[in-house]
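Right, one structure below, let's go through it.
Here is the naming used below: chain letters follow the sequence lines, and residue numbers restart at 1 for every chain.
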Amino acid sequence: MNYWLMKSEPDEASILDLQRAGTLPWTGVRNYQARNFMRDDMQLGDGVLFYHSSCPEPGIAGLAEVSSAAYTDATQFDPASPYFDAKSKPDTPRWVHVDVRWRETTRLLSLKEMREAPELASMRVLERGSRLSITPVTPAEWQAVLKRLHAA
DNA sequence: GCCAACGTTGGC
DNA sequence: GCCAACGTTGGC
């Protein structure tokens, strides 16, 4: 069992969108490191911290879980999609993604609060210049986040 | 809108 | 394989 933090712009897909849909395909990842996490390291049932980015109040907005193995991201072959990749060929797809299932919509654990919490200081997403949209979370960090989310 | 940080591209 | 140029991310 692994844990992850996954960034989403709420304008595109918010935690409430996920709650309504139940499950969403995590399409649009176009970074090799993030893709490799999904392809090589994610397992069914892995815990996901759902993070809102590029918005007025960035932070963790809910909990989710990995609900599929990695499979081909169809948007890479769609010229009308913002995620279209002309260099990716259908016989050797470059981009894959997993599905993510909603678990809980929590209070917002803001980026500010995350930075101020000593027990979260080790989180990869807080590293200087970190832009990765998917980062591993340790069991200790996961527990610490849950404790904060469910407190006051 | 700014800009620091980082990833990717492509010429050599 | 190097590295300059360029593009993107994402907080502020």
- Task: Tell me, please, the opening and closing nucleotides of DNA chain C, 5' to 3', among those with an atom under 4.0 angstrom from a non-hydrogen atom of chain A.
- Result: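 Reading along DNA chain C, I get dG7(C) to dC12(C).
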- Task: Tell me what Lys112(A) touches on the nucleic acid: a base, only sugar-phosphate, or nothing, going by heavy atoms under 4.0 Å.
- Result: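 Result for Lys112(A) = nothing.
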Can you tell me which residue pairs pass the ring-ring contact (aromatic ring centres under 6.0 Å, His included) test with a partner in [range], sequence neighbours excluded?
| range | value |
| --- | --- |
| residues 5-29 of chain A | Trp26(A)-Phe50(A) |
| residues 103-130 of chain A | none |
| residues 57-94 of chain A | Tyr71(A)-His97(A) |

- Message: Run the side chain to side chain contact (heavy atoms under 4.5 Å, CB included) test against Arg35(A) and tell me which residues pass, sequence neighbours left out.
- Response: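 Partners of Arg35(A) under the side chain to side chain contact (heavy atoms under 4.5 Å, CB included) test: Tyr32(A), Arg39(A), Arg94(A), Trp95(A), Val96(A).
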- Item | Shortest non-hydrogen contact from Leu132(A) toward Arg124(A) |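 Looking at all heavy atoms of both residues, the shortest contact is CD1-NH2, 3.8 Å.
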- Strand contacts (DNA chain C) in residues 26-42 of chain A, 4.0 angstrom heavy-atom criterion: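 Residues of residues 26-42 of chain A under 4.0 Å from DNA chain C: none.
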- Which residues share a salt bridge (charged side-chain N to carboxylate O under 4.0 Å, His left out) with Asp78(A), sequence neighbours left out: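 Asp78(A) satisfies salt bridge (charged side-chain N to carboxylate O under 4.0 Å, His left out) with no residue once adjacent residues are dropped.
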- Message: I need the full list of side-chain hydrogen bond (donor to acceptor under 3.5 Å, both in side chains) pairs touching residues 111-121 of chain A, with sequence neighbours left out, sorted by first then second residue.
- Response: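 Passing the test, one end in residues 111-121 of chain A: Arg107(A)-Glu113(A), Lys112(A)-Glu116(A), Glu113(A)-Arg148(A), Glu119(A)-Arg148(A).
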- Any pair with a residue in residues 40-53 of chain A that passes side-chain hydrogen bond (donor to acceptor under 3.5 Å, both in side chains), sequence neighbours left out, goes on the list, sorted by first then second residue, please.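 Counting only pairs at least two positions apart or across chains, the side-chain hydrogen bond (donor to acceptor under 3.5 Å, both in side chains) contacts touching residues 40-53 of chain A are Trp4(A)-Asp46(A).
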